[in-house]
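Inspection log for the structure reproduced underneath, given as structure tokens.
All values below come from the heavy atoms of this structure, side chains included, with hydrogens, waters and symmetry mates left out.
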Amino acid sequence: MKSLPDIQTGYHPLSNLLYQSYLPAIINSALEAGLFQALHKTEKNIDQLCETIHTDTGITQALCEVLIAVELLEFKKKNFRLAKISEEFLVEESPVNQILDVKKYSGSPGPFDNLLDALKGEQQEFNHKRWADEKMVLQMEQGAKAGSIQNIISFVTSLPEFQSMRKMCDLAGSIGHYSAAICEENTNLHAHVYDLPEVTSIAPKLRKETSAGRIRFHDCDIRQDPDFGRGYDLFFVSHFLYGHGADNSLVPFLRKVNRAVTNGGIFVSHHIADVTDSHMQIPMKIVELMTKAMGYPTHKLPLDILTNALAETGFGQFTIKGPDQTLPFPTTLVAARKEANVQE
């Protein structure tokens, strides 16, 4: 984005540190749920563990993965067991247990305040409007300036077709911070941003860039069966496909995208795919637990699942940029060209 400086350092060390500040709340929820007690001097698979402590399977699995990442649990032959440090300090039977000390580090209010309720299956339905108020959307935009916008601009503008593009769709595009940055790089490009009415009603007054006149906002219930128009040279989504990947609706969705994109047009996804770098394991396990505790299925989409679905729906000639480890989230960028029309 022309108005943003190049990042000289990288926000990821600070971001990782802040995510780890959630660990006291996570460990305390595991204690209160009886997870450490249930594994004292024994081991259990996920079904046995959930049956013992009466918790939700998906959220318990995500919780265990965080505890494995911070070396409080071990996993072997499909069974969980306590690490030695947990046997000594996190079970009541240990004469040197430090459970009372651990409980002092509950942390300030945050996204894991209701983790125990979620573990017990009492979490509320995911609120899709949680990103719909002005404070939240501006916070999202400011967060994207820590490297995500620059990363996306570098990727999209490197595509050979970019300067010939005239019309783009930004689905679930919030107040258009990615669209505005992309349009600044191509003065002939017009963007159509689709999101919930609560977002699109405040978006126009928040867009200040010179490219804002080439951005239109459209109401769209992205949870249902959205109609997002036709004739796009570029169809862009950021952190949107996770739900489709989780409920096996990715192929039907991409068939609709195929119909909306021109022949030779490009679909671009910006999302968390496969996390391999060791320094990202703990924060990404925490993100996944947070996501499930809020009632959403997942916050990742493996690269092979996306590319296979794209190939099945008439897209090919992939351009892929793997995670930039200087960014706070290890996002992958995938571009795919429309090669054939497909039926919905």
Exercise. With a cut-off of under 6.0 Å to the ring centre and 45° to the axis, is Lys300 in cation-pi contact with Tyr242?
Worked result: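 Negative - Lys300 is either too far from the ring of Tyr242 or too far off its axis.
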Problem set entry | Cation-pi, Phe155 ring and Lys321 (6.0 angstrom, 45 degrees) |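 Judged by the rule (NZ or CZ under 6.0 Å from the ring centre, within 45° of its axis), Lys321 is not positioned above Phe155.
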For this session: May I ask you to say whether Glu43 pairs ionically with Lys78, meaning some side-chain N is under 4.0 Å from a carboxylate O?
Result: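 Result for this pair is no, no salt bridge flagged.
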Exercise. Would you call the rings of Phe240 and Phe253 parallel, tilted or perpendicular, where under 30° means parallel and over 60° means perpendicular?
Worked result: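 Geometry flag for Phe253 against Phe240: tilted rings.
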Exercise. When the ring planes of His218 and Tyr194 are compared, do they come out parallel, tilted or perpendicular, using 30° and 60° as the limits?
Worked result: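 Answer is parallel, since the angle falls under 30°.
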Report yes if the side chains of [X] and [Y] come closer than 4.5 Å at any heavy-atom pair, otherwise no.
X	Y	value
Lys338	Asn258	yes
Val261	Ile266	no
Tyr22	Leu289	no

Exceeds 12 heavy-atom contacts within 6.0 angstrom, atom [atom1] of [X]:
X	atom1	value
Gln163	CD	yes
Arg216	CZ	no
Glu71	CD	no
Ile320	CD1	yes
Asp247	CG	yes
Gln343	CD	no

Please find the pair of heavy atoms, one from [X] and one from [Y], that lie closest to each other, and give the distance.
X	Y	result
Pro252	Asn248	CD-O, 4.3 Å
Ser29	Leu116	O-CD1, 3.9 Å
Ile7	Gly147	CG1-CA, 4.2 Å

For this session: For Lys205 and Glu134, run side chain to side chain contact (heavy atoms under 4.5 Å, CB included): C-alpha distance rounded to whole Å, both residues' side-chain angles, the deciding distance at 0.1 Å, then the answer.
Result: CA-CA 10 Å; Lys205 72 175 183 178; Glu134 184 170 327; 3.4 Å; yes
Problem set entry | Lys292 (side chain) donor-acceptor with His299 (main chain) under 3.5 angstrom |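 No, Lys292 side chain to His299 backbone: no donor-acceptor pair under 3.5 Å.
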Exercise. Do you see a donor-acceptor pair shorter than 3.5 Å between the side chains of Arg230 and Thr262?
Worked result: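 No pair is found: no donor N or O on one side chain lies under 3.5 Å from an acceptor on the other.
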Problem set entry | Phe235 and Phe228 aromatic centres sub-6.0 Å |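 That pair passes the under 6.0 Å test.
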For this session: Please assess Glu161 against Arg337 for the test salt bridge (charged side-chain N to carboxylate O under 4.0 Å, His left out), listing each intermediate value before the final yes or no.
Result: CA-CA 10 Å; Glu161 303 90 342; Arg337 280 82 178 170; 2.9 Å; yes
For this session: May I have the step-by-step check of salt bridge (charged side-chain N to carboxylate O under 4.0 Å, His left out) for Arg81 and Glu87, ending in yes or no?
Result: CA-CA 9 Å; Arg81 65 187 183 192; Glu87 283 282 9; over 6 Å; no
